[in-house]
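So the structure is just underneath, and the comments pick up after that.
These numbers come from the heavy atoms of this one structure, side chains and all, not from hydrogens, waters or symmetry mates. Lettering of chains follows the sequences in order, A, B, ..., and the numbering in each one begins at 1.
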Protein chains: 2
Amino acid sequence: MIDRTLVSALPIFAGMEESALDKLLSNAVQRPVAKGAKVFEQGQKATSFYLLLQGRLKVMQVTAGGQQLIVRVVHPGDLFGFALAIGRTEYPGTPIAVADSIVLAWPMNMMNSFLERNPTLAINAMQMIGQRLDQAHNRIREMSTQEVERRIAHTVIRLAQEAGIHEGADIRIDFPISRQDIAEMTGTTLHTVSRILSNWETRGLVKGGRQLLLVSNLTGLKRLAEHED
Amino acid sequence: MIDRTLVSALPIFAGMEESALDKLLSNAVQRPVAKGAKVFEQGQKATSFYLLLQGRLKVMQVTAGGQQLIVRVVHPGDLFGFALAIGRTEYPGTPIAVADSIVLAWPMNMMNSFLERNPTLAINAMQMIGQRLDQAHNRIREMSTQEVERRIAHTVIRLAQEAGIHEGADIRIDFPISRQDIAEMTGTTLHTVSRILSNWETRGLVKGGRQLLLVSNLTGLKRLAEHED
DNA sequence: CGCTTGGTTGATGTCTGTCAATTTTTGTGG
DNA sequence: CCACAAAAATTGACAGACATCAACCAAGCG
């Protein structure tokens, strides 16, 4: 049995009664996922849905043409793999642990019955998905109106806010992330990402390294991202 | 009072009891929207949410830099303007009627109470938003991996499926749509759209015109959209 | 200490956005 | 009902941002 206090503060469970939350947790299974391992694979029948307790995941998709892209990064406290909630029976992507992680899993068929019995949970879930929709629209807007450099700037800022820890004067992205990863998040190539990050480094905006990214000048980066030059 | 039979078949109300649906409808206000008129404007406080009964809307967004894009096309039976469901207090976009339309409006504050009392409705709403999320992800994938011609092909195919009516051997997009509109849906310029559609016309795939689009060869278009050349 | 993975950087080509000019269609007011 | 203006579409010329191709370097790791 998972301790309620571990999860009761999460937005998705906000406003739920303790007994209901306990009931929910009693049906969850805890599972460690080693760095580099997949939680499930794109195209598999969706049998469970998940909550990330600890660690970090990236959700990948491969297109029919074999190209890869990163749909999103899953942070602790995020739900993922709730295919049925969006009317699908198969998982649309593959979550891969980029750091040693722990996930909570529920059988998918529990979802509907639980949502029906807990309207608060249903509303929370709807809002969470809604926020994701909003983020997706932002990304679409960025991709259709902004050139690569600003898209990368936005992505790096987002990462700094969602997964940044202060390290001296810098903000460090708290998981291993490659140029290729950033390219797959912004819809460009690792070459272009590398060039732009190198340029930023000479300008003192960021510090780079192997699977490493530090933001040195967040406001400068924001100016670059927002400003209509 | 709006007649229940007009809306009871809509997916969003699937599984709802008649009495609950009647109660819901008794709080709705019907409102005609003339072609070219806006239902509400981006940035306004979200006071109502809507259902499109008849006609067609395009939802526009303007970026900080003044660029426009079309977030989506609203077809009869679709909900729109449910900002609160996604945790916002202002409308994120502006719906404009591209044909004379009729909408149903509810006060936004009714939403939560109604969802709490109708778990089925909450689940339906969640799934609907989820499907939209899925569509948004598809669009992101297209934008990051495909060149303009294939993106336009996908968009035209989608329009033909969602708003196409057969007209002889052709499929006609059933509302006035300009090259500019298509450009704003695909993240390109009207010039590029014009060039590509002209080319398609010489190849017998589509027929064009002023605010007009007919698909002559859907399978050919699909081959163009799917095929890895 | 070689191999593998990730990163950098240069050269080149091309897609597609920008600028510009022209035509076609539609709507409106005299 | 015609003339004129406004809106939509077409097409060409040109440039620039990025992808692609290619070679080389650095850093973990067995």
Ignoring hydrogens and geometry beyond distance, is a side-chain donor-acceptor pair present between A:E184 and A:Q180 at under 3.5 Å?
yes

Between A:E149 and A:R203, does any side-chain N to carboxylate O distance fall below 4.0 Å?
yes

Between D:dT10 (C1') and B:Q211 (CD): distance, integer Å:
16 Å

Side chain to side chain, B:T63 and B:L69, heavy atoms closer than 4.5 Å
yes

A:I196 CD1 to C:dT8 C1', in whole Å, measures 14 Å

Would you kindly give the NZ-to-P distance between B:K35 and C:dT26, to the nearest whole Å?
11 Å

Over all strands shown, is A:G209 touching base, sugar-phosphate only, or nothing at heavy-atom distances under 4.0 angstrom?
sugar-phosphate

B:E90 with B:K45: basic N within carboxylate O range, under 4.0 Å
yes

If you find the nucleotide of DNA chain D closest to B:L197 and the one closest to A:E147, which residue's nucleotide is nearer the 5' end?
B:L197

Do any of residues 175-195 of chain B sit with a heavy atom less than 4.0 Å from DNA chain C, and if so which?
B:T188, B:T189, B:H191, B:T192, B:R195

Please give, in whole Å, the distance from D:dC18 P to A:E149 CD?
8 Å

Shortest non-hydrogen separation from B:G93 to B:P95 and the atoms involved
O-CD, 3.8 Å

Identify the heavy atoms of B:L197 and B:L213 that sit nearest to each other, and give their distance.
CD1-CD1, 4.3 Å

Check the interface with nucleotides 1-5 of chain C: list each N/O to N/O pair with the protein under 3.5 Å, or write none.
from: C:dT5; atom 1: O2; to: A:R210; atom 2: NH1; distance (Å): 3.3
from: C:dT5; atom 1: O2; to: A:R210; atom 2: NH2; distance (Å): 2.9

Rounding to a whole Å, what distance do you find between B:K207:NZ and D:dA9:P?
18 Å

B:H137 and A:Q61 side chains, donor-acceptor separation under 3.5 Å:
no

Under a 4.0 Å threshold between the charged nitrogen and the carboxylate oxygen, would B:E142 count as salt-bridged to B:R158?
yes

Using whole Å, what does the distance between atom P of nucleotide D:dT10 and atom CG of B:L212 come to?
11 Å

Measure from CE on A:M143 to P on D:dA17 and round the result to the nearest Å.
19 Å

Hey, what's the ring geometry for A:F40 with A:Y91, parallel, tilted or perpendicular (30° and 60° as the breaks)?
parallel

